[in-house]
Amino acid sequence: MPRQLHLSAALDSPGRFDAAHFTGLARLAERATLDFVTLDDSYTPEPRRLDALATFARLAPVTHGLGLVPTVTTTHTEPFHTSIAVNTLDWVSEGRAGWLVGVSDTGAEARAFGRRGTAPAEELWAEAADAADAASRLWDSWEDDAEIRDTATGRFVDRAKLHHIDFEGPYFSVRGPSITPRPPQGRPVIAVTVAAADLAPDAGPGGRARVATAARHADVVLLDAPDRAARLTAATELRLRGGEALRILARIPVALTTAAATADLLTEATEGGGGVDGFHLVPADPARDLAVLADHVVPALRERGLFRTGYTGRTLRDRLGLARPASRYAATGGAGGTDTSAAGTPATTATSSRSATTGTSARSAATPEVTR
């Protein structure tokens, strides 16, 4: 049997901001049964854009099988808040959320926040690794069965199954636990974009730091490579560093305006794509190209046995063939709180602050009370 491909697509569409536009794109992608879609984001004032995570929260109720992977930057945000936002998307999508990790490297973005200046790429990606590590631990900080919801006794949560993560990294200090129950997927899918040049022996420190972040924390790598040979070399190296479970999708710009362009994409898919698990398509015109993809390319791939006929499983991890990870704290019996038996007990707190190494002042995250 031929190996079936994973397919995803970018919904980036500068100049369009209405919900109906993105809903239409998502429905086209879902009609094509793509694994997931991404949406770019940044804090630059131009081009104007919608918040990617908020946009996908709007799309979650009107889609049913499609994975939603917004870009969320780590440079001017706290991992505590990022973890809650991505977790919320996982809940409202019933397990279809991911996080495309991004960084902010321009002076305009730094000035928009006014908290810190720009930093070298290697520092930004090292900080991103810190943020991904802290977020994953926060997702694990509630065991799967921590919620009790026993109205008779007034107990909402078993405090013994909430865990302080006590994370101390070079850039962040996070106590935890989270204020949000563990995500449906255990941990939402983490994606990182990597260029083949980042893996070259002469790669700069920024590229090396990006690869290190992907190898340590990513479930999916979106790979930029100039040709199939470079793709194969890069994919082999990424799996050596990140493990065989890593899913690698080649980023391919597409403009599906003619039959020849469709045939080229089919040929690329049929010939294996150069050691990758599939393709992340970057359409020139998302509405046009996703329609061609759904109506012509995907049916042809199915005829060749290269693509599924419908969604299987429930979550994005299911679509990608990724195992649902167990909470590291449940496995080790980490330090939990005291089991509560009645309403009105002290609140569970969760704090997060940036290390002084970033040159910014420490700040505490919001600490809402966990309702009992």
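For the numbers below, each heavy atom of this structure counts, side chains included, while hydrogens, waters and symmetry mates do not. Every value quoted in this text rests on a predicted model; they were computed, and no experiment measured them.
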message = Run the side chain to side chain donor-acceptor pair (under 3.5 Å) test against Asp227 and tell me which residues pass, sequence neighbours left out.
response = none

task = Could you pull out all residues at least two apart from Arg216 that satisfy salt bridge (Lys or Arg N to Asp or Glu O under 4.0 Å)?
result = Asp133

ask   = Where the side chain of Ser141 meets the backbone of Leu138, is there a donor-acceptor pair that is under 3.5 Å apart?
value = yes

query = Mind checking what makes side chain to side chain donor-acceptor pair (under 3.5 Å) contact with Arg302, not counting sequence neighbours?
reply = Thr33

query = Which residue pairs pass the ring pair (Phe, Tyr, Trp, His ring centres under 6.0 Å) test with at least one member in residues 213-257, sequence neighbours excluded?
reply = none

key: Sequence-distant partners of Asp130, salt bridge (Lys or Arg N to Asp or Glu O under 4.0 Å), two or more places apart   = none

request  = Write down the atom of Ser327, the atom of Arg182, and the distance for their closest heavy-atom approach.
outcome  = N-NH2, 3.3 Å

key: Results of side chain to side chain contact (heavy atoms under 4.5 Å, CB included) for Ala85 - residues two or more places apart only   = Leu53

Under 3.5 Å, sequence neighbours excluded: what are the donor-acceptor pairs made by side chains of residues 283-294?
{"residue": "Asp285", "atom": "OD1", "partner": "Ala287", "partner atom": "N", "Å": "3.3"}
{"residue": "Asp285", "atom": "OD1", "partner": "Arg288", "partner atom": "N", "Å": "3.3"}
{"residue": "Asp289", "atom": "OD1", "partner": "Leu256", "partner atom": "N", "Å": "3.0"}
{"residue": "Asp289", "atom": "OD2", "partner": "Ala284", "partner atom": "N", "Å": "3.0"}
{"residue": "Asp289", "atom": "OD2", "partner": "Asp285", "partner atom": "N", "Å": "3.1"}

ask   = With sequence neighbours left out, which residue pairs that include part of residues 204-215 fulfil the side chain to side chain donor-acceptor pair (under 3.5 Å) condition?
value = none

query = For Glu147, what residues pass the side chain to side chain donor-acceptor pair (under 3.5 Å) criterion, not counting sequence neighbours?
reply = Arg149

Hey, can you pull the donor-acceptor pairs under 3.5 Å for the side chains in residues 97-109, sequence neighbours left out?
{"residue": "Trp99", "atom": "NE1", "partner": "Val72", "partner atom": "O", "Å": "3.0"}
{"residue": "Ser104", "atom": "OG", "partner": "Glu109", "partner atom": "OE2", "Å": "3.2"}
{"residue": "Thr106", "atom": "OG1", "partner": "Glu109", "partner atom": "N", "Å": "3.2"}
{"residue": "Thr106", "atom": "OG1", "partner": "Glu109", "partner atom": "OE1", "Å": "2.7"}
{"residue": "Glu109", "atom": "OE1", "partner": "Asp105", "partner atom": "N", "Å": "3.4"}
{"residue": "Glu109", "atom": "OE1", "partner": "Thr106", "partner atom": "N", "Å": "3.3"}
{"residue": "Glu109", "atom": "OE2", "partner": "Tyr43", "partner atom": "N", "Å": "3.2"}

inquiry  = Test your reading of the model: is there a side-chain donor-acceptor pair from Arg304 to the backbone of Leu266, 3.5 Å cut-off?
reply    = no

inquiry  = The criterion is side chain to side chain donor-acceptor pair (under 3.5 Å); which residues satisfy it with Asp277, sequence neighbours excluded?
reply    = Arg239

note = For Glu271, the side chain to side chain contact (heavy atoms under 4.5 Å, CB included) test, sequence neighbours excluded, returns Arg228, Thr267

